[in-house]
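Here the structure comes first, spelled out in structure tokens, and everything after it is commentary.
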Protein chains: 2
Amino acid sequence: MSPITVLLVDDHLVVRSGLRALLGTQPDLHVIAEAASGEEAMDRVQERSPDVVVMDLAMGAGMDGIEAIRRIRERNRSQAILVFTTYDSDADIVRAVDAGAMGYLLQDAAPEEIFSAIRGAVQGKSVMSPPVASRLFQQLRNPEEILTPREAELLSLLTEGLSNRELGRRLFISEATVKTHLAHIYAKLGVETRAAAIATAIRREGMR
Amino acid sequence: MSPITVLLVDDHLVVRSGLRALLGTQPDLHVIAEAASGEEAMDRVQERSPDVVVMDLAMGAGMDGIEAIRRIRERNRSQAILVFTTYDSDADIVRAVDAGAMGYLLQDAAPEEIFSAIRGAVQGKSVMSPPVASRLFQQLRNPEEILTPREAELLSLLTEGLSNRELGRRLFISEATVKTHLAHIYAKLGVETRAAAIATAIRREGMR
DNA sequence: GAGTCTCTCAGCCTTTTGGCTGATACGGCT
DNA sequence: AGCCGTATCAGCCAAAAGGCTGAGAGACTC
């Protein structure tokens, strides 16, 4: 059986060489290229056509991981893409899977888990770290959590620390309307105070 | 000249092997041990007495990096400790330097930067990544922003969305005291509402 | 021993927030 | 035409948060 070719994408050199060393212990896995950015990743995929792309979502400058996944899948469906990232945010998971990622691993995954995820990805199996899976599951179980555009807008401003009055002014609506929207947002997020709403919003989304 | 002995501390195996591979390219740097937790790090220091400890601050379970730095410095001052972490939060930098770290590098630092930081640390020089340095500088310029331990504790709970009453219960203090602390925190953070305090706290610190 | 910092608590008053009920208007879907 | 989701607004009331002043206890420093 011919070896599985892998492209590593991460803006941290240390993580790339760590992964390279780790995968090097497996005779059937060959790292054939590395990339430090989304743009570079697309070039390498074009040139080398790896079987699997192992990608970090958080990339310093330029195109982010999600966008890179989407573009790679757009022009070439033969690669399996595995997300390999440090932090797990609900929004990222959903967006990555949506963009076409085959699996989602956290960086503290056990080596065996990583190997089998790569091997599985080639065969079309999707793998995810247990904590990731449970989050995704929860996300899918609560479809009522989807905010309307207006609510999302409000929530976003809410995380800037604005008061109801300021929110109203900013959105050209009355304070009464602000309160109505907030009540709906709280219900959907499952919280009771604006403080909790802000906390969950910032932590859940990549809002920073 | 005898080589510089190094202990790597990081809960991610991938980062450890990446660093090991990277440092392996330098004849004068010898990685003599690795540790995946604060506790383990202390044991390794005791056993092997490395010249330099390269440590990640964010460690999954158990003792965190800051605490590990403090304890290592307490019982043995001959090690130089270098912080090597992914994210830079203002509070972490101050706390790490306070605990006795000789330098503070971000994981996307260039290899040369890492090497020279390690070599410099042995000679008592402190090194930090430019973005880190500028943050620290800013922090020192605003000394009024430094929260007391109790205030930091409160702020941390605040970001979970607790009410004043809940905060009081959790910390075994009256609601009146909670309000006093909050007023001080708001003043130091330059905000006027708990919402804004939560927003700035979560975004500024690495609180997730 | 006086000054400073930190943590603790109280009372009083204003503003803000949140819960509830009910209402109008617009657009899309059946 | 009727229904539903979304966005808009109002009034009322209770709870929470925030501003202010004042104050005592313990620790640490000069």
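Below, read A as the first sequence line, B as the second, and so on, with proteins coming before strands; counting in each chain starts at 1.
- Checking the phosphate oxygens (OP1, OP2) of D/dA16, no side-chain nitrogen or oxygen of B/S163 falls inside 4.0 Å.
- The interatomic distance linking B/L158 (CG) with D/dA16 (P) rounds to 16 Å, in whole Å.
- Atom CG of A/L167 and atom C1' of C/dT17 are 12 Å apart (whole Å).
- For A/S174, counting side-chain heavy atoms from C-beta on, the closest listed nucleotide (D/dC9, C/dT17, D/dA16) is D/dC9.
- Comparing A/L162 and B/A176 along DNA chain C, the residue whose closest nucleotide (by nearest heavy atom) sits nearer the 5' end is B/A176.
- In the set C/dG18, D/dG18, C/dC9, the nucleotide with an atom closest to the side chain of B/L182 is D/dG18.
- Rounded to whole Å, atom P of D/dC20 lies 12 Å from atom NE2 of B/H184.
- When side chains are defined from C-beta on, B/I72 counts as touching B/M55, because their heavy atoms get closer than 4.5 Å.
- Summarising the geometry, the separation between CG on A/L154 and P on D/dT6 is reported as 15 Å, rounded to the nearest angstrom.
- For the side chain to side chain contact (heavy atoms under 4.5 Å, CB included) with B/F84, the qualifying choice from B/I114, B/L8, B/V9 is B/I114, the only one to do so.
- Atom CD of B/E192 has 12 or fewer neighbouring heavy atoms from other residues, nucleotides or ligands inside a 6.0 Å radius.
- Distance B/E192 CD to C/dT17 C1': 17 Å, rounded to the nearest Å.
- Nearest nucleotide to the B/I173 side chain, out of D/dT8, C/dT8, C/dA10: C/dT8.
- Across every non-hydrogen atom of A/L158 and A/A197, the tightest pair is CD2-CB, 4.2 Å.
- The listed nucleotides are C/dC7, D/dA7, C/dG19; the one nearest the side chain of B/H181 is C/dC7.
- Each of B/F172 and A/V191 has a nearest nucleotide on DNA chain C; the 5'-most of these lies closest to B/F172.
- With rounding to whole Å, A/R165 atom CZ is found 16 Å from C/dG18 atom C1'.
- Here C/dC9 is the nucleotide among C/dC9, C/dG19, D/dG18 with the atom lying nearest to any side-chain atom of B/T177.
- Distance CG (A/L155) to C1' (D/dA7): 17 Å, rounded to an integer number of Å.
- At a threshold of 4.0 angstrom between heavy atoms, the contacts of B/E175 with the nucleic acid are absent.
- When the P atom of D/dG19 is taken as reference, atom CZ of B/R194 falls 11 Å away, rounded to whole Å.
- Defined by atom type and a distance below 3.5 Å, a donor-acceptor pair is missing between the side-chain atoms of A/T177 and A/T180.
- Side-chain N/O atoms of A/N164 include none lying less than 4.0 angstrom from OP1 or OP2 on C/dT16.
- Of the listed nucleotides (C/dG18, D/dA16, D/dG19), D/dG19 has the atom at the smallest distance from the side chain of B/K179.
- One N or O donor and one acceptor, one from the side chain of B/T180 and one from the base of C/dC9, sit under 3.5 Å apart.
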